[in-house]
**Student:** 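Handing you this structure, nothing more for now.
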Amino acid sequence: MSRNISLTQYLVEQQREHGRITPPLRLLLETVARACKRIAISVNKGALGDVLGTAHTENVQGEVQKKLDVIANEVLIEANVWGGHLAAMASEEMDTISVVPDRYPQGEYLLLFDPLDGSSNIDVNVSIGTIFSVLRKVTNNRGVSEDDFLQPGKQQAAAGYCVYGPQTTLVLTVGDGVAMFTLDREMGSWVLTEDQVQVPADTKEFAINMSNMRHWAPPVKRYIDECLAGKEGARGKDFNMRWVASMVADVHRILTRGGVFMYPWDKREPEKLGKLRLLYEANPMSFLIEQAGGAATNGTQRILDIVPSKLHERVSVVLGSKNEVDRVTAYHREAA
Ligand code: P6P
């Protein structure tokens with residue numbers, strides 16, 4: 001990929017050739033991309049800026065917020081509130097939705113985001129990222145409410161993430177495959193560096209937090225035990241393990257070279273369906289993975305088919321190389 005295509009040109013071509021992008025959606029995506037550049041500047045300051053450590057506040061999840069969690073959330077809200085492309089926003093860092101105030105026009109789109117995912121890695125200089133999901137507001141005859149956000153992930157208009165790592169890379173889908181844009185810091189612009197990304201159907205790499213092994217359900221334990229048994233075991237091949245504890249980094253690796261990512265339900269908090277959030281973590285990542293030829297389930301059901309009942313609903317996640325996800329899902333169905 002070397003035609004040096006900018007994000008704007010990619011979006012204009014998607015708009016012109018495929019009709020998948022309306023002008024307000026193009027404005028939305030360019031605004032989010034610009035906000036990610038602003039977040040990258042704050043992330044890259046590290047100890048040189050007043051951005052590390054905790055903000056001494058808690059979010060709706062009861063988690064202590066890092067300063068950069070709050071900064072990233074504010075950057076996304078401020079960048080998107082005035083453009084007229086959005087009706088409202090939802091964030092991991094906010095208890096309820098943020099409706100576009102009356103002083104600005106309201107648009108037809110809803111933006112959901114985890115402004116800075118993996119924030120436990122901030123202070124130790126490991127890759128983190130911003131995850132976003134775009135829905136269309138389905139009810140035009142009244143004001144926007146939280147119920148407008150409770151749509152299954154298959155109804156997303158767009159989804160993506162920005163990974164703040166050795167490179168700053170924006171990964172995006174509007175339903176016509178997955179494209180990757182690398183930030184050219186000299187120009188301050190996003191340049192298309194991969195298009196029509198494909199996840200290999202098979203892999204030898206799995207990503208899971210092994211310290212939770214004693215809490216897993218049997219199908220997960222069976223799958224991982226077989227991976228660990230290697231070529232002498234049922235799988236007849238050796239596996240490798242990766243766990244960055246930053247979903248964006250793990251998913252980016254899988255989009256780049258394959259793999260399977262699992263954050264399954266476990267019995268530590270049995271009332272919780274999983275750790276990861278459905279609307280602004282699992283859904284956007286599942287949309288990207290499926291658009292790249294991979295698969296994403298909660299162990300038994302396609303994630304994008306799940307109809308949410310709450311804004312901050314959690315879900316069990318198995319996603320990545322299709323043949324491995326299918327195997328894990330088959331083990332769950334056999335166990336059921
Ligand atoms: P654990 C980050 O906090 C996150 O939400 C995901 O990005 C990541 O995959 C997971 O949690 C890591 O969880 O329990 O391994 O720290």
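Remember, it's 1-based here, ligands and their atoms both numbered in the order they're listed.
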**Student:** So is Ser246 close enough to ligand 1, meaning a heavy atom under 4.0 angstrom away?
**Tutor:**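 True for this residue.
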**Student:** Could you give me the CA-CA distance, side-chain angles and deciding distance for Arg214 and Lys267, then say whether side chain to side chain contact (heavy atoms under 4.5 Å, CB included) is met?
**Tutor:** CA-CA 9 Å; Arg214 64 189 183 283; Lys267 59 188 180 196; 5.9 Å; no
**Student:** Quick check: Asn209 and ligand 1, any N/O pair under 3.5 Å apart?
**Tutor:**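 Checking ligand 1 against Asn209, an N or O pair does fall under 3.5 Å apart.
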**Student:** Mark up the atoms of ligand 1 that fall under 4.0 Å of a heavy atom belonging to Leu276, in ascending order.
**Tutor:**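 Checking each atom against Leu276, I get 5 (O), 6 (C).
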**Student:** Report yes if some N/O of Ser120 lies less than 3.5 Å from some N/O of ligand 1; otherwise report no.
**Tutor:**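 Checking ligand 1 against Ser120, no N or O pair falls under 3.5 Å apart.
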**Student:** Quick check on the hydrophobic clustering: are Leu273 and Leu311 connected, directly or via other members, by side-chain heavy-atom contacts under 4.5 Å?
**Tutor:**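 Per the 4.5 Å side-chain linkage, Leu273 and Leu311 are not co-clustered.
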**Student:** What is the closest protein heavy atom to atom 9 (O) of ligand 1, and at what distance does it sit?
**Tutor:**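 I find the closest protein heavy atom is Met247 N, 3.5 Å.
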**Student:** Any nitrogen or oxygen of Trp243, side chain or backbone, less than 3.5 Å from one on ligand 1?
**Tutor:**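 N/O-N/O distance under 3.5 Å: yes.
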**Student:** Strictly under 6.0 Å, is that where the ring centroids of Trp216 and Tyr223 end up?
**Tutor:**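 Judged by ring-centre distance (under 6.0 Å), Trp216 and Tyr223 do not meet the cut-off.
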**Student:** Which ligand 1 atoms are under 4.0 Å away from a heavy-atom of Phe261?
**Tutor:**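 Under 4.0 Å from Phe261, ligand 1 has these atoms: 9 (O).
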**Student:** Among the clusters formed by ILVMFWY side chains lying less than 4.5 Å apart, do Val126 and Val251 turn up in the same one?
**Tutor:**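 Val126 does not cluster with Val251.
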**Student:** Hey, is the main chain of Thr300 close enough, under 3.5 Å, to the side chain of Arg333 for a donor-acceptor pair?
**Tutor:**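 Present.
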**Student:** Among Glu281, Arg277, Lys275, which one has a heavy atom closest to atom 12 (C) of ligand 1?
**Tutor:**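 The nearest heavy atom belongs to Lys275.
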**Student:** Tell me which protein heavy atom sits closest to atom 14 (O) of ligand 1, plus the residue, atom name and distance to 0.1 Å.
**Tutor:**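 Checking every protein heavy atom, the shortest distance to atom 14 (O) of ligand 1 gives Tyr263 OH, 2.6 Å.
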**Student:** With distance as the sole test, does Ser119 use its side chain to make a donor-acceptor pair with the main-chain N or O of Asp69 at under 3.5 Å?
**Tutor:**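 Side chain of Ser119 to backbone of Asp69: no pair is present.
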**Student:** For the residue pair Phe206 and Phe239, does the interplanar ring angle fall in the parallel (under 30°), tilted (30 to 60°) or perpendicular (over 60°) class?
**Tutor:**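 Judged by the thresholds at 30° and 60°, the geometry between Phe206 and Phe239 is tilted.
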